Amino acid sequence: MSEQALKLTTYFGERARVGGRLLADELLDAAARQDIALSVLLRGVQGFGAKHRPRTDRLLTLSEDLPLVSIAIDDAQRIEALRASVAELPGEGLITLEPASMATDGGDFSADSEIKLTACLGRHERIDGEPAFAAACRVLREAGVSGATVLLGVDGTIDGERRRARFFARNAGIPLLVLSVGEAARIERALTTLRQMLPSLLFTLEHAQVLKRDGQLLRQPAGASPGAESDSARVKLTVVTSEAARHRSRPVYLELVRRLREQGAAGATSLRGIWGFHGEHEPHGDRWLSLRRHVPVITEMIDAPERIVRLFEIVDELTSERGLVTSELVPTAAPFGLSPGL
């Protein structure tokens with residue numbers, strides 16, 4: 001069985017405020033008031049928006065306003081109500097609305113189609129002594145999916161209850177996300193095992209396409225579908241690399257965002273994961289006594305289909321040997337607040 005749902009994603013800056021409150025707090029409180037099934041706040045490590053103002057944790061003066069991503073998932077009625085309240089907020093940002101399936105099984109996708117799995121776990125949840133997120137990645141890799149990345153939330157709501165990360169606390173209730181993509185049959189196989197391990201697992205499924213994996217080009221990015229609204233439909237390109245991956249001594253994800261900004265992309269946001277894998281590589285995170293971090297980094301860009309085709313040349317060059325590249329159609333993407341930007 002599967003229930004049709006919507007996923008509302010909001011991209012904005014850490015300093016953004018509504019009156020005297022942080023916009024992040026306003027968004028999470030709004031999700032709690034709407035009893036949203038799941039909302040998660042993620043902190044990015046670098047990015048830029050429509051105004052092409054850089055944000056990065058590499059420079060002290062710029063790290064005070066890092067990009068934030070808020071994700072809310074529930075049935076269409078609640079998410080539409082939440083979107084209406086978000087769209088009225090002052091500030092600068094981008095909101096996207098995407099269809100999803102909140103499934104109690106593998107959903108209604110054909111076996112050979114490619115789908116994206118978003119699973120919500122507790123930060124300190126364990127399965128037979130193993131961190132639940134590590135167990136999930138292991139199961140997904142054994143099922144042969146294309147890749148999975150674990151993103152740590154810093155705030156969120158579950159069934160309308162606010163879960164905020166605090167200093168000097170275990171923060172066991174803070175949600176984290178496991179994002180995975182692969183053939184529907186393989187995702188369903190992994191879900192059968194995961195639901196036995198975690199009977200109350202909350203997850204969604206969405207259409208996605210794998211464009212490139214470990215240097216192998218599988219397909220070019222496609223444009224918007226004929227039924228999509230031409231004035232608001234966009235394509236989301238997601239590039240997964242390792243923080244240790246280099247292009248001429250520079251981290252690949254930093255070089256990617258730099259070039260995208262130079263080429264006039266509408267925006268990009270990089271999120272640092274804590275664990276993950278892609279292709280045939282073993283799931284991994286940071287290594288002891290290593291000078292480089294080995295955690296995965298996700299870089300997302302949302303733009304018009306014709307511009308994505310052009311920007312893909314940059315992505316293709318920077319993932320010539322390693323990395324996972326996927327695309328999704330975003331039916332609705334629009335700026336909110338007084339002016340567009342991130």
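The figures that follow rest on heavy atoms only: side chains count, while hydrogens, waters and symmetry mates do not. What you see is a predicted model; the values in this text were computed from it and never measured.
Side chains of Ile298 and Leu179 form a contact here, defined as non-hydrogen atoms less than 4.5 Å apart. At a threshold of 4.5 Å between non-hydrogen side-chain atoms, the residues Phe12 and Leu94 do not count as touching. Side-chain atoms of Ile302 and Val235, non-hydrogen and from C-beta on, never get closer than 4.5 Å to each other. Proximity of His247 to Arg259: side-chain heavy atoms (C-beta onward) are separated by under 4.5 Å at one or more points. Side chains of Leu38 and Thr157 form no contact here, defined as non-hydrogen atoms less than 4.5 Å apart. When side chains are defined from C-beta on, Phe277 does not count as touching Arg138, because their heavy atoms never get closer than 4.5 Å. Between Glu183 and Val145, the closest side-chain pair of non-hydrogen atoms is not below 4.5 Å. You'll find the side chain of Ile36 reaches within 4.5 Å of the side chain of Ile79, heavy atoms only.
One finds the CG atom of Leu28 at 5.5 Å from the CG atom of Leu41 (value rounded to the nearest 0.5 Å). Note that OG1 of Thr204 and NZ of Lys7 are 6.5 Å apart. Values are rounded to the nearest 0.5 Å. Leu176 contributes atom CG, which lies 5.5 Å from atom CD1 of Ile274 (distance to the nearest 0.5 angstrom). Residue Arg186 holds its CZ atom at 11.5 Å from OG of Ser180, rounded to the nearest 0.5 Å. Of the inter-residue distances, the one linking Glu188 atom CD with Leu117 atom CG reads 11.0 Å to the nearest 0.5 angstrom. To the nearest 0.5 Å, the span separating CZ on Phe312 from CD on Gln220 amounts to 5.5 Å.
Panel note: side chain Glu125, backbone Gly122; a donor-acceptor pair is recorded below 3.5 Å. The backbone N or O of Glu280 lies less than 3.5 Å from a partner atom in the side chain of Arg141, making a donor-acceptor pair. Although no hydrogens or angles enter the test, the distance criterion places no donor-acceptor pair under 3.5 Å between the side chain of Glu98 and the main chain of Thr332. In this structure, the side chain of Arg123 engages the main chain of Gly153 through a donor-acceptor pair within 3.5 Å. Without hydrogens or angle criteria, Thr241 side chain to Val252 main chain gives no donor-acceptor distance under 3.5 Å. A donor-acceptor pair under 3.5 Å is formed between the side chain of Asp303 and the backbone N or O of Ala266.
Residues Ile127 and Phe203 fall within the same hydrophobic cluster, defined by Ile, Leu, Val, Met, Phe, Trp and Tyr side chains chained together at heavy-atom separations under 4.5 Å. One hydrophobic cluster holds both Leu191 and Met197 under the rule that ILVMFWY side chains link at heavy-atom gaps under 4.5 Å. Val295 and Leu177 are not part of a single hydrophobic cluster, where members link through side-chain heavy atoms under 4.5 Å apart.
Among Val330, Ile71, Thr10, Leu8, the one residue that satisfies the side-chain contact (heavy atoms from CB on, under 4.5 Å) test with Thr96 is Val330.
Sparse packing is recorded around CZ of Arg43, with 12 or fewer heavy atoms of other residues, nucleotides or ligands lying under 6.0 Å away. Enclosure of atom CD in Glu80 by more than 12 non-hydrogen atoms of other residues, nucleotides or ligands within 6.0 angstrom is indicated.
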One pair to check against salt bridge (charged side-chain N to carboxylate O under 4.0 Å, His left out): Glu130 and Arg126. What are the steps and the verdict?
CA-CA 5 Å; Glu130 182 182 20; Arg126 303 186 77 82; over 6 Å; no

List the steps, then state whether side-chain contact (heavy atoms from CB on, under 4.5 Å) holds for Arg53 with Phe48.
CA-CA 5 Å; Arg53 189 169 57 237; Phe48 67 92; over 6 Å; no

Check against salt bridge (charged side-chain N to carboxylate O under 4.0 Å, His left out), Arg33 and Glu26
CA-CA 10 Å; Arg33 288 193 297 270; Glu26 186 67 28; 3.7 Å; yes

Could you check Val178 against Leu140 for side-chain contact (heavy atoms from CB on, under 4.5 Å), going step by step and ending with a plain yes or no?
CA-CA 10 Å; Val178 179; Leu140 287 162; 4.0 Å; yes

Val69 vs Leu271, test: side-chain contact (heavy atoms from CB on, under 4.5 Å). Steps then yes/no.
CA-CA 9 Å; Val69 181; Leu271 301 163; 4.1 Å; yes

Please walk me through it: do Lys116 and Thr326 pass side-chain contact (heavy atoms from CB on, under 4.5 Å)?
CA-CA 9 Å; Lys116 175 182 176 180; Thr326 66; over 6 Å; no

For a side chain to side chain donor-acceptor pair (under 3.5 Å) check, start with the C-alpha distance between Tyr11 and Glu300, then their side-chain angles and the critical distance, and finish with the verdict.
CA-CA 11 Å; Tyr11 300 85; Glu300 294 183 345; 2.8 Å; yes

When the side chains of residues 208-219 are checked against the rest of the protein, which donor-acceptor pairs come out under 3.5 Å, sequence neighbours left out?
from	atom 1	to	atom 2	distance (Å)
Lys212	NZ	Asp316	O	2.7
Lys212	NZ	Asp316	OD1	2.3
Lys212	NZ	Thr319	O	3.1
Lys212	NZ	Thr319	OG1	3.3
Arg213	NH1	Ser146	OG	3.0
Asp214	OD1	His278	NE2	3.4
Asp214	OD1	His281	NE2	3.3
Asp214	OD2	His281	NE2	3.1
Arg219	NH1	Glu114	OE1	3.0
Arg219	NH1	Val210	O	2.6

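The two residues Leu201 and Cys120 have their closest heavy-atom pair at CD1-O, 3.8 Å. Taking each heavy atom of Asp35 and Asp74 in turn, the nearest pair found is O-OD2, 3.4 Å. Across all their heavy atoms, Leu260 and Met301 have their closest contact at CD1-CE, 3.5 Å. Between Val257 and Gly47, the shortest heavy-atom distance links the atoms CG1-CA, 4.5 Å. Minimum interatomic distance between Leu27 and Ser70 (heavy atoms only, all atoms of both residues): CD1-CB, 4.2 Å. Pairing each heavy atom of Val309 with each of Pro221, the nearest pair is CG2-O, 4.1 Å.
With sequence neighbours left out, the side-chain hydrogen bond (donor to acceptor under 3.5 Å, both in side chains) criterion links Asp29 to Arg21, Arg162. Evaluation of the salt bridge (charged side-chain N to carboxylate O under 4.0 Å, His left out) rule for Arg17 yields no partner, not counting sequence neighbours.
The residues Glu262 and Arg258 are annotated as salt-bridged, a charged nitrogen and a carboxylate oxygen being separated by less than 4.0 angstrom.
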